[in-house]
Visitor: 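Quick one: structure below, then a few questions.
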Amino acid sequence: MNCTKCKTKAVIDLPRHNAAFCAPCFTTYARDQTAYAIKHERMFGRDDRILVAVSGGKDSLALWHVLLTLGYRADALYVDLGIPGYSAKSREKVERFAEAVARSHGAKLLIHTVQDEEGAGIKELSDLVHRPTCATCGTIKRYQFNKAAVEQDYDVMATGHNLDDEAARLLGNMLHWQEEYLDKQSPTLPASVEGFAKKVKPLYRLSERELAAYAVLNKIDYIVEECPMAKGSKMLLYKEVLNRLETESPGTKHRFYWGFLEKQAHAQPAASSMAEKDQALLHPCGICGQPTTGEICSYCKMMARAKTAGAESR
Ligand code: SF4
Ligand code: ZN
């Protein structure tokens, strides 16, 4: 098998593109796909300050790496969830990458430790508020990333969601006809109201397998294990189903998700009318001031419940 571009020995085949690449041509392909996504979806420009949400996994570290090598001004935020046997390892991967790679590009790593700031690790917090761990984690991460991006004047927040993540999420949203989520499933979500950072997913054109290959070929040391809390999640099931389809019919995932994006682009109300709709629904949280549809935002409500439950159990 030879590289489709330069005809030397290929190291990876991409059946969905009917192509194969050697290591340097594959790295170029991955960077080109990301650069296309950034431009096509109007994610950010050369002068913008970007905050990358990193977890220690292949996708978010590959994203930080690609953005820095493409010459963007990208810092990162890591949220230490305090998961025994997992968070310490993932944090170490992020800190090492920041030290070995990001620093030479003038980029910095911010760290938020749930145990220090919220008074308990994610597992204990979710027990206190009687919510699934992943729901608690989602609320905390969304809140902390948005807070850091807004308070520290980043223009945009970038996450490492890949094609597999987005196709699986789309499948889940369609199976349950969650139309309100479908509206929000685009790779660029504008900062529709004051207090909400713009959010982008520059890796939506690259698959999980391609990102693992990018990380290995570029010597990015990442945590291979999934977060132990993900076990049994519906998302993993949807990914398995889509992988079966992809094996039988290469290109299924990208036809499914990119096809949805094309249809959505034609049907979507203008960004300004979406912003007006959001503006009408949102106002500052009575405690923290972040935008919310209720009196108090879900993060502050959750923290108040955890505090009460913690005091009662003592
Ligand atoms: Fe958070 Fe759940 Fe993802 Fe783990 S699997 S990082 S707990 S959302
Ligand atoms: Zn709040």
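Both ligands and their constituent atoms are indexed starting at 1 by order of listing. Basis for what follows: all heavy atoms, side chains included, without hydrogens, waters or symmetry-related copies. Residues take their numbers from the sequence shown, with the count starting at 1.
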Visitor: Do the side-chain N and O atoms of Asp80 and Gln115 include a donor-acceptor pair separated by under 3.5 angstrom?
Guide: no
Visitor: Do Lys253 and Asp164 sit within salt-bridge range, that is, some charged N less than 4.0 Å from a carboxylate O?
Guide: yes
Visitor: Are His254 and Glu246 linked by a side-chain donor-acceptor pair shorter than 3.5 Å?
Guide: no
Visitor: So, Tyr78 versus Glu95: side-chain donor-acceptor pair below 3.5 Å or not?
Guide: no
Visitor: With atoms numbered from 1 as shown, which atoms in ligand 1 lie under 4.0 angstrom from a non-hydrogen atom of Ala230?
Guide: 5 (S)
Visitor: Considering non-hydrogen atoms of the protein only, which is the closest contact for atom 1 (Fe) of ligand 1, and what is the distance?
Guide: Cys137 SG, 2.3 Å
Visitor: Quick check: does Cys134 put an N/O/S atom under 2.8 Å from atom 2 (Fe) of ligand 1?
Guide: yes
Visitor: For a distance under 2.8 Å, tell me if Cys227 has an N/O/S atom near atom 4 (Fe) of ligand 1.
Guide: yes
Visitor: When you check the gap from the basic side-chain N to the acidic O, do Lys184 and Glu180 get nearer than 4.0 Å?
Guide: no
Visitor: Is it the side chain (CB and beyond), the backbone, both or neither of Lys141 that lies under 4.0 Å from ligand 1, heavy atoms counted?
Guide: side chain
Visitor: Looking only at protein heavy atoms, which one is nearest to atom 7 (S) of ligand 1, and what is the separation?
Guide: Met229 CB, 3.6 Å
